Amino acid sequence: MTFNNGMPPVYPVSSEDPPARRRAVFSSAYVQLDSQHAQPPGGAPMSARRRSKHYDDSLRLIDDLVNRPVDVLYSDSRLTTKPDSKVAYWGTRIVVLIICIAVGFAGCLFVRLLNTDPRKQVRQQLASQLEAENKQIDDLEKQISDLRTQVEKQSKSALPSQVEQEVQQNDMVAGSTAVEGEGIILTIADPMVTNSDAQDGSLPREKSTNRLRVVTDTDLQLLVSLMWQSGAEAVSINDNRLGVQTSIRTAGNSILVGTTPVSSPYKIQAIGNKRELADKMGQKALPTLYKEFKDAGMTLQISKENSIQLKAASVGQVSYAKEM
């Protein structure tokens with residue numbers, strides 16, 4: 001037993017009682033390995049009496065931990081004397097490189113597949129189809145417009161038949177089509193009331209009541225009837241065309257032309273021979289009418305127009321009337 005720098009005592013292993021060692025089967029140099037157990041100084045074996053007295057299992061464990069801390073398998077792998085071949089060395093590295101490249105390529109494909117949205121491709125296909133359909137619709141609309149233009153040109157160039165002329169004439173008379181032509185404009189308005197007139201009662205009033213005399217629906221009906229009698233072909237009141245189903249009536253305090261309320265001043269437009277209409281609706285032809293309106297504080301004004309445009313009248317649906 002020896003002491004070395006305060007370390008626990010170390011008992012050398014005798015050659016007669018070597019420790020049991022297990023070798024790995026893959027170690028090719030285990031036959032060449034010598035015992036690594038420490039030998040006593042001088043190589044003299046310990047006596048059996050001394051060994052039995054001082055060398056027990058606990059001291060043997062301490063000796064193994066201090067002198068042989070490395071695992072046996074690790075020692076075998078380090079002490080092998082057979083070197084690796086160059087073919088195995090480079091072959092292993094080439095195989096590892098190929099595996100790494102394959103794994104990286106597969107990972108790139110997988111990431112690209114994850115980033116690819118299949119709905120985006122579907123949306124692109126639908127968008128392209130929609131653009132194609134819209135283009136086709138635009139082309140068809142252009143063709144329709146061209147065909148309509150050709151039809152209108154052909155219709156204008158062709159002479160209308162007698163039946164078509166009668167239909168057009170009836171539509172104009174009934175007021176279902178817009179018309180244009182020369183004529184006159186007759187304007188009539190309610191009398192203007194001032195404070196002095198209201199106090200002294202200089203303006204004429206109705207006999208039955210104390211109300212001021214104003215234009216009524218009866219006055220407008222009378223003037224329109226005189227227009228038709230004088231040869232007017234189309235008549236309107238305040239841009240409301242008179243048709244076969246248009247009425248002039250009072251509703252409350254308003255005058256309705258059809259269903260549209262009108263107010264003073266009332267402008268009656270009539271298309272026809274402007275000279276004949278102006279003469280027949282003038283003061284010389286209707287002196288009594290003019291005097292009555294003048295006494296009521298209202299005046300009639302007539303102006304000749306070279307061009308008057310009248311819109312079409314609203315025509316209702318006929319449910320019970322039938323053509324004979």
Side-chain angles (χ1 to χ4, degrees), residues 148 151-152 155-156 160-190 214-283 285-286 289-290 292-293 296 298-324:
R148 285 180 177 175
V151 170
E152 290 178 357
S155 300
K156 291 180 179 178
S161 63
Q162 184 177 359
V163 176
E164 291 178 350
Q165 292 179 359
E166 292 180 358
V167 171
Q168 292 178 358
Q169 185 68 24
N170 293 334
D171 291 339
M172 287 190 296
V173 173
S176 58
T177 58
V179 292
E180 180 182 3
E182 65 176 21
I184 64 172
I185 298 177
L186 188 148
T187 305
I188 184 173
D190 294 335
V214 294
V215 179
T216 62
D217 55 345
T218 305
D219 297 332
L220 296 179
Q221 292 174 5
L222 177 60
L223 293 175
V224 169
S225 298
L226 292 175
M227 288 284 191
W228 292 119
Q229 185 177 356
S230 301
E233 298 176 355
V235 180
S236 69
I237 300 176
N238 289 8
D239 295 331
N240 294 281
R241 179 78 175 277
L242 301 181
V244 293
Q245 296 178 335
T246 306
S247 62
I248 303 173
R249 59 190 178 87
T250 300
N253 296 327
S254 302
I255 298 177
L256 300 181
V257 177
T259 58
T260 305
V262 293
S263 59
S264 177
Y266 304 98
K267 184 173 64 174
I268 303 175
Q269 297 173 312
I271 293 179
N273 191 325
K274 59 182 180 180
R275 293 182 180 179
E276 293 182 1
L277 289 174
D279 293 340
K280 293 182 179 180
M281 295 298 297
Q283 186 173 0
L286 304 171
L289 180 64
Y290 275 80
E292 291 179 357
F293 281 116
M298 297 177 288
T299 57
L300 297 175
Q301 296 179 356
I302 297 177
S303 63
K304 300 177 183 179
E305 302 290 336
N306 294 326
S307 177
I308 298 176
Q309 295 180 355
L310 300 181
K311 299 183 295 183
S314 58
V315 180
Q317 296 181 356
V318 180
S319 302
Y320 297 98
K322 297 181 179 179
E323 185 178 359
M324 295 181 59

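Index from 1, following the sequence. Please read all numbers here as calculations on a predicted model, not as lab measurements.
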Discussion item. Please determine whether side chain to side chain donor-acceptor pair (under 3.5 Å) holds for the pair Glu180 and Ser307, giving the CA-CA distance in whole Å, both sets of side-chain angles, and the decisive distance to 0.1 Å.
Written reply: CA-CA 7 Å; Glu180 180 182 3; Ser307 177; 3.1 Å; yes

Worksheet item: Taking the side chain as C-beta and beyond, is there a heavy-atom pair between Met227 and Met281 under 4.5 Å?
Response: yes

Discussion item. Taking Lys267's backbone N and O only, do any of them form a donor-acceptor pair with Asn238's side chain (distance below 3.5 Å, no angle check)?
Written reply: yes

Practice prompt. Not counting sequence neighbours, which residues clear side-chain contact (heavy atoms from CB on, under 4.5 Å) with Asp190? List them please.
Written response: Val214, Val215, Ser264, Tyr266

Item to complete: Please examine the side chains of Gln221 and Thr216, heavy atoms only from C-beta on, and report whether any two atoms are closer than 4.5 Å.
Response: no

Item to complete: Using a 4.5 Å cut-off on heavy atoms from C-beta on, say whether the side chain of Lys280 contacts that of Leu226.
Response: no

Fill in: Test side-chain contact (heavy atoms from CB on, under 4.5 Å) applied to Gln269 and Val235, Ile184, Ile185, the passing residue
Ile185

Worksheet item: Does Val179 reach the side chain of Glu233, with side-chain heavy atoms less than 4.5 Å apart?
Response: no

Worksheet item: How long is the span from the CD1 atom in Ile237 to the CG atom in Leu242, to the nearest 0.5 Å?
Response: 5.0 Å

Donor-acceptor list for residues 256-263 side chains, cut-off 3.5 Å, not counting sequence neighbours:
none

Response to the item:
In short, Leu277 meets Ala232 closest at the heavy-atom pair CD2-N, 3.8 Å

Discussion item. In the structure I gave you, are the side-chain heavy atoms of Leu223 and Leu289 within less than 4.5 Å of one another anywhere?
Written reply: yes

Worksheet item: Where is the tightest heavy-atom contact between Pro265 and Thr187, given as atom of each residue plus distance?
Response: CB-CG2, 4.4 Å

Worksheet, complete the sentence: Interatomic distance, CD@Gln309 vs CD1@Ile271, rounded to 0.5 Å, equals 8.5 Å

Item to complete: Might you point out which heavy atoms bring Lys274 and Lys304 nearest each other, and give the distance in Å?
Response: CD-CB, 4.2 Å

Worksheet item: Pairs in or reaching into residues 215-228: which pass salt bridge (Lys or Arg N to Asp or Glu O under 4.0 Å), with residues at least two apart or in two chains?
Response: Arg213-Asp219

Discussion item. How long is the straight-line distance from CG of Asn240 back to CD1 of Ile268, given to the nearest 0.5 Å?
Written reply: 12.0 Å

